[in-house]
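Both backbone and side-chain heavy atoms feed into the values below; hydrogens, waters and symmetry mates do not. Residue numbering restarts at 1 for every chain, and letters A, B, ... go by the order of the sequence lines.
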Amino acid sequence: MDVKNQKYDHQSIESKWQKKWQEAKLDETNIEKAPKPFYNLMMFPYPSAEGLHVGNMYAFTGSDIFGRFKRMQGHNVFEPIGLDGFGIHSENFALKIGKNPMDQAKVSEKNYYRQLGVIGAMFDWSRTVETYDPNYYKWTQWIFVQMFKHGLAYRGKAEVNWCPSCKTVLADEQVVDGRCERCGNIVEKRLLEQWFFRITAYAEKLLQNTNTLNWSEKVLVAQRQWIGKKEGVIIHHKVKELDETLDAFSAYPAWLFADTFLVLAPDHPQVATLVKGTTYENEVLDYVKKYKNSKKSTRTKEDEKEGIFTGRYVTDPFSGNDMPVWLANFALMDFGTGIIRCSAHDPRDFEFAQKYKISLKEVVDREDVKTPVNAHENKGVLKDSGPFSGKSISPKLIHEMVEWIAEKKIGKKEINYHLRDWLISRQRYWGPPIPMIFCEKCAKEGKSWFTTEEVKPYIESIGGWPACQRLSAAMAGRYTVPEKDLPLELPYIKDYKPGDDGIAPLAKHKEFYEVNCPGCGNKARRETDVSDTFLDSAWYFLRYPSVGLDGKSSLLRAPKGDASRSDIAVGGLPWNPAITKKWLPVDMYTGGAEHSVLHLMYSRFITMALHDWGYLDFEEPFPNFYAHGLVIKDGAKMSKSKGNVVTPDEYIKLYGTDALRLYLMFMGPFDLGGDFRDSAMEGMSRWVNRIWRLRTAQTSSEQMQRALHKLVKKITEDTEKRRYNTAIAAMMEFTNLVSDQNGNLTPDLLKIFLLLLAPYAPHIAEELWEKNRGAFSIHQQPWPTFDSKYIKENQITIIIQVNGKLRDTLQVQADTGKEKSEIEKLAKENEKIKKYLEGQTVKKIIFVPGKLMNFVV
RNA sequence: GCGGACGUGGCGGAAUCUGGUAUACGCGCAUGCUUGAGGUGCAUGUCCCGCAAGGGGUGGAGGUUCAACUCCUCUCGUCCGCACCA
C-alpha cells in the first residue's frame with residue numbers, strides 16, 4: 001500500500017474550501033436581520049512590518065475558534081477584521097524602508113489582507129475598517145470635534161520625547177529606560193504646547209467600572225494601577241516672613257508628626273516667589289535651571305541626591321516648629337502638589353537629611369500610633385526596623401487621621417490619581433489632521449468657538465455659562481473645522497519625514513494650513529499636528545457593524561450601492577443607532593495583554609464620553625475581554641533583531657492552515673502563550689494526516705460510542721473556557737482509540753467527531769464532512785450534544801488505599817462501587833490489600849462512593 | 001519598594017477551580033518492523049532508585065487532613081506590570 005497517496009493534500013483542499021466559503025458568503029453576517037447577534041471581536045493588527053506575525057495568527061485563531069463554536073451553537077456571529085494602519089507604527093515602518101506612508105499603506109493592506117485571508121478565520125470581508133481611510137478618519141476627527149465642544153479637549157504645555165540623533169519626536173512607548181529605542185541615544189524632553197484629552201475627568205468612573213467587567217484579572221489590576229487612585233491629605237504651611245502658603249500632599253498621614261523639613265520640586269511655580277530677594281536667590285535659580293523637568297532616566301545617581309536650601313522656613317502646623325524649605329529633584333511636579341513633607345521614615349528623605357545635616361526626629365514604637373491622638377501626643381514616628389518604617393499603615397488609621405486633620409483645619413482631604421491627561425497631538429505626518437483652526441485676531445479679542453451662536457446647544461452639557469466662559473478664555477481664538485467640512489483629508493506630500501525642529505510636516509505646507517477663520521472670516525491657521533494613533537483604535541469597534549450601511553464605506557471593499565439599505569442610512573453619525581443598539585457592546589473581545597492598558601483605557605474613556613453626550617446607551621464597550629498569552633520561539637521572545645520572527649506563510653505552505661492553527665492552540669494554555677518549535681509543529685502535521693486516514697466501519701463498539709459522547713462533553717466545556725490545548729489533546733486521544741480499535745467507527749459517529757473538530761480545523765473538517773455525505777456546510781451545523789447515559793460508566797475503578805497510599809484498584813460495576821460494605825468485603829479479600837492489613841487494627845475506613853476506600857491503620 | 005502570575009520528566013505541558021490512581025496529549029529519545037536509502041508509516045518502551053518485592057518523587061521548610069501538585073504559613077527562584085508616587 002502506498003502511503004504517500006494517502007497524504008492529506010492541504011494546499012488544494014484548503015484553497016478549494018476558502019473559495020467555496022467565499023462564494024457562498026458563509027461568513028458574511030446579516031447585520032440587520034440577525035436574530036441572535038454575537039459580536040466576536042479581536043484586536044485588529046497594526047501593520048508595522050512586511051506582513052503578519054505568527055503572534056497575530058495565534059490571537060486570531062484563538063478568537064476565531066470561539067466565534068466558530070458560538071456560530072455552531074446557534075448565534076449569529078459577526079467576526080470583523082480591519083487594519084490599524086494610521087499612526088506611528090506604520091509610519092516608522094514606511095520611513096525605515098524609505099517609502100511614503102501613504103503609498104506603503106496600500107502595499108501593507110494588500111499583504112495583510114492576503115495573509116489574513118488564508119488563516120482560516122471566519123472574517124466578514126464585506127465590512128472591513130482601515131483607520132487611514134478618509135471615510136473612517138472623518139469620524140475620528142468628528143470625535144475630536146465633540147471632545148473640544150464638550151470641554152474635554154484643551155491646549156496645554158507638555159514635555160515631548162525628542163531624540164537628538166534621530167531628530168524626531170518619539171512616542172512614550174518608543175522610549176526605553178530614557179533612551180531611544182532605535183539608536184540608543186538619551187532622549188531629551190522638550191516643552192511644547194500640545195492638545196490633550198481630559199481623560200482625568202473620568203478617572204473615578206474608569207476605576208469604579210472595573211468592578212463590573214468580566215476581564216482577565218491581570219488586565220483589571222493593570223488598569224487600576226494605571227489610574228492609581230491615592231487618598232490622602234493636603235497640609236497647608238505658612239511661610240515665615242512671606243504672605244505665602246505651601247501645600248504638601250501626603251498619602252500616609254500617620255507619618256506627618258515625624259516630618260521635619262519640606263522639599264519642593266525644582267520646577268514648582270512658587271520657587272521664584274520664595275527666593276526673591278534672599279541671599280540664596282541666584283544659587284537656587286541656577287539649581288532650578290539645571291534640574292528643571294529632569295526625569296530620573298536622564299539623571300545620574302549623584303544628581304538624585306542633589307538639593308538646595310531656599311533660605312525660607314515654614315511653620316509646622318502639627319508641632320509649631322520651624323521647618324526648613326529645600327528644593328530637591330526627587331520631588332516631582334507630576335505627583336501630588338509638587339511639595340513633600342519629609343521625615344526619617346522614608347529612606348530617600350533620610351539619606352537626604354543626613355547629607356545636608358537636616359535634623360530628624362526620634363523613632364518610637366508602632367503601638368504608640370494607634371490613633372490620631374496617640375500619634376499626636378507621641379509626635380508619632382513609627383518604628384518597624386531601624387529608622388525606616390514600612391508603609392503598611394491600616395486604612396482605618398489613615399481615615400481617622402484625615403478626619404482629624406480636616407477637623408483641626410490643618411489641611412484637607414485630597415484624592416490624587418496617577419492617571420494623566422491624554423496627550424493627543426503628534427508632530428508627525430501619518431495620522432488624522434487635528435480638525436482645529438486658530439485665529440490670532442479672535443484670540444486677541446477673546447473670541448472663540450465658545451462665543452459663537454453654535455455653542456448654545458452645548459452649554460448645558462458642559463455645565464452652563466461659567467464653565468463655558470472659562471473654556472472660552474483658555475481657548476481664545478480656537479475653532480473647530482466645521483463638521484460639514486470633514487473629513488479634513490491628509491494631503492499627499494513629499495516631505496513627510498519628521499522635522500529636526502519638532503515641527504510637524506504639514507506645518508511646511510501653506511496650502512494646507514492657510515484658511516479663513518470660521519468666526520471672523522479673516523486669515524487663520526489650521527492645526528498642523530495629527531492625532532495619536534490610539535485615538536484611531538479607540539472607537540473602531542463602534543464602526544464595524546455599521547460599515548456599508550451609509551453607502552460609502554471602506555475604500556477597498558465597499559459594498560456596491562445597495563438601494564435596499566437606504567432605510568438605515570447613517571446620516572450624521574459614525575454609526576447606525578439601531579444597528580449599534582442591536583450589536584453593541586461587544587460580546588467577546590480578545591487581545592494581547594501587552595497593550596491592554598492604553599488601548600482599553602482609551603476605548604473605555606471614549607465610549608463613556610459618547611455615552612454621556614447621548615450617542616451611546618452603554619458605558620463600557622467590552623464587558624467581556626480575554627487576554628491571550630504571548631508566543632515565543634524556542635524559548636526566546638521573537639524579535640527582528642534576533643531574527644527569530646516566525647511568519648505564518650511558510651508554515652501554512654508547508655503544513656497547511658489547519659495544522660498550524662491546531663499547533664498554535666496546542667502549544668500551551670491560550671492565556672499563557674507558548675513556545676513555537678518546528679519539531680512540535682511536525683507532530684501536529686502528523687496528527688492531521690492521521691485524521692485524514694481515519695477509517696469508518698459498519699458498526700461501532702459501545703466503548704467507541706461512550707468515548708465519543710464523553711468527547712462531546714469535554715470539547716464543549718473546554719472550548720467554552722478556551723482550554724484549547726486540552727481540547728485538542730482529548731481529540732487526539734479519541735483518534736488514538738479509533739486506531740487501536742482498527743477503525744471501529746461508523747460514519748455517523750465520525751461526523752460527530754468532525755463537528756467537534758470544525759472550529760479548530762475548519763478545512764479538513766469540511767472536506768471529510770463532504771466525503772461522508774454531510775450537507776454543506778459543516779460550519780452551519782448545530783453543535784453536537786451528548787447523551788448522559790453514555791457518559792456514565794457501568795464499569796468503574798475503585799481506588800484502595802492504606803493510610804492514604806495507593807495499594808490497589810478494583811474494577812467493579814457502577815452500582816457495586818456505591819456500596820460501602822461490598823467494597824470493603826472485596827478489598828479485604830484482595831491479596832495485596834490483605835498483606836497491608838495483616839496484623840493491623842483498622843481504626844477507620846474512609847469511603848468515597850464510586851471513587852475510593854482508604855483504610856487507616 | 002508596591003502589585004500580579006508562575007515553579008510538575010530531557011522539552012511544551014496535563015491533573016490545581018471542585019484535595020482522592022501525579023506526569024494525559026504532543027515533542028524528543030531508544031529498540032524493532034516497513035522501505036533500495038533518506039523520509040514517511042507502524043509497533044513497543046521512556047519520572048528516579050531497584051533483578052524483584054518495594055521505595056522515593058510536583059523548587060525548599062513547616063502545617064491542616066484519613067488523603068496535598070492542589071488548601072494554609074514561611075522561604076527560595078523565574079517572569080510580567082507600576083514606580084524618585086511623598
Which value, in whole Å, describes the distance between the C1' atoms of nucleotides G13(B) and C6(B)? 14 Å
Of the nucleotides G81(B), A86(B), U21(B), which has the atom closest to the Q225(A) side chain? G81(B)
Taking the six-membered ring for Trp, are Y663(A) and F676(A) closer than 6.0 Å centroid to centroid? yes
Under 6.0 Å between ring centres: does that hold for F352(A) and F330(A)? yes
Suppose you measure atom C1' in G59(B) against the same atom in G55(B); what distance do you get, rounded to whole Å? 22 Å
Between U40(B) and C33(B) - C1' atom distance, rounded Å: 14 Å
Would you mind checking if K714(A) and E733(A) are paired as a salt bridge, meaning a charged N to carboxylate O distance below 4.0 Å? no
Check D678(A) with K633(A), please: is the shortest side-chain N to carboxylate O separation under 4.0 Å? yes
Quick one: CG on D675(A) to CG on L630(A), what's the gap to the nearest 0.5 Å? 11.0 Å
Using a heavy-atom cut-off of under 4.0 Å over every strand shown, decide if K721(A) touches base, sugar-phosphate, or nothing. nothing
Distance between the C1' atoms of G38(B) and C48(B), in whole angstroms? 36 Å
In whole Å, what separates the C1' atom of C29(B) from that of G10(B)? 8 Å
Winner on side-chain proximity to L332(A), out of C85(B), G20(B), C42(B), is C85(B)
Classify the nucleic acid contact of N736(A) as base, sugar-phosphate or nothing, counting any heavy atom under 4.0 Å across all strands shown. sugar-phosphate
Presence of salt bridge, E824(A) and K828(A), under 4.0 angstrom: yes
Using a 4.0 Å heavy-atom cut-off across all strands, classify G338(A) as base, sugar-phosphate, or nothing. base
Check whether any side-chain N or O of R686(A) sits under 4.0 Å from OP1 or OP2 of G28(B), and answer yes or no. yes
Which label fits W326(A) and F309(A): parallel for a plane angle under 30°, tilted from 30 to 60°, or perpendicular past 60°? tilted
What is the pairing partner of U40(B), taking Watson-Crick or G-U wobble pairs with both distances under 3.5 Å in any strand? none
Less than 4.0 angstrom between a side-chain N/O of R690(A) and OP1 or OP2 of G26(B), yes or no? yes
Identified pairing partner of G19(B), criterion: Watson-Crick or G-U wobble below 3.5 Å: none
For the P atoms, the ones on G45(B) and on U35(B), what distance do you get once it is rounded to whole angstrom? 24 Å
Return the value, rounded to whole Å, for the distance between atom CG of L662(A) and atom P of C27(B). 13 Å
Regarding the side chain of F249(A), the nearest nucleotide among C25(B), A86(B), A22(B) is A86(B)
What I want to find out is whether E717(A) reaches K710(A) closely enough, with some N-O distance under 4.0 Å, to be called a salt bridge. no
Separation of A24(B) atom C1' from D718(A) atom CG, nearest Å, is 12 Å
Choose from C25(B), C82(B), G54(B) the nucleotide whose nearest atom is closest to any side-chain atom of H418(A). C82(B)
Could you list, one pair per line, each protein nitrogen or oxygen that sits under 3.5 Å from a nitrogen or oxygen of nucleotides 65-68 of chain B, together with the distance?
residue : atom : partner : partner atom : Å
C66(B)  : O2'  : N854(A) : ND2          : 3.3
C66(B)  : O2   : N854(A) : ND2          : 2.5

Evaluate side-chain contact (heavy atoms from CB on, under 4.5 Å) for L757(A) paired with M731(A), printing each intermediate quantity in order. CA-CA 8 Å; L757(A) 181 68; M731(A) 287 192 264; 4.0 Å; yes
May I ask which nucleotide in the shown strands pairs with A67(B), Watson-Crick or G-U wobble, both distances under 3.5 Å? none
Under 6.0 Å between ring centres: does that hold for Y356(A) and F261(A)? no
Its glycosidic angle compared against 90° from 0, G9(B) adopts the form syn
Distance between the C1' atoms of A15(B) and G62(B), in whole angstroms? 25 Å
Under 4.0 Å between a Lys/Arg side-chain N and an Asp/Glu carboxylate O for R341(A) and D349(A)? no
Measure from the side-chain heavy atoms of K851(A) and tell me the nearest of G20(B), A86(B), G26(B). G20(B)
Atom pair distance, as rounded to whole Å: CG in N416(A) and P in A83(B): 14 Å
Could you state the CH2-P distance from W687(A) to G41(B), rounded to the nearest angstrom? 15 Å
Could you tell me the separation between the NZ atom of K229(A) and the C1' atom of G3(B), rounded to a whole number of Å? 18 Å
Protein-nucleotides 5-15 of chain B N/O pairs closer than 3.5 Å?
residue : atom : partner : partner atom : Å
G12(B)  : O2'  : M667(A) : O            : 2.6
A14(B)  : OP1  : N725(A) : ND2          : 2.9
A15(B)  : OP1  : R723(A) : NH2          : 2.8

Answer with base, sugar-phosphate or nothing: what part of the nucleic acid does A730(A) contact at a heavy-atom distance below 4.0 Å? nothing
Rounded to whole Å, CD1 of I728(A) lies from C1' of C25(B) at a distance of 10 Å
Identity of whatever pairs with A5(B) - Watson-Crick or G-U, under 3.5 angstrom: U78(B)
Are the ring centres of F534(A) and W422(A) closer than 6.0 Å? no
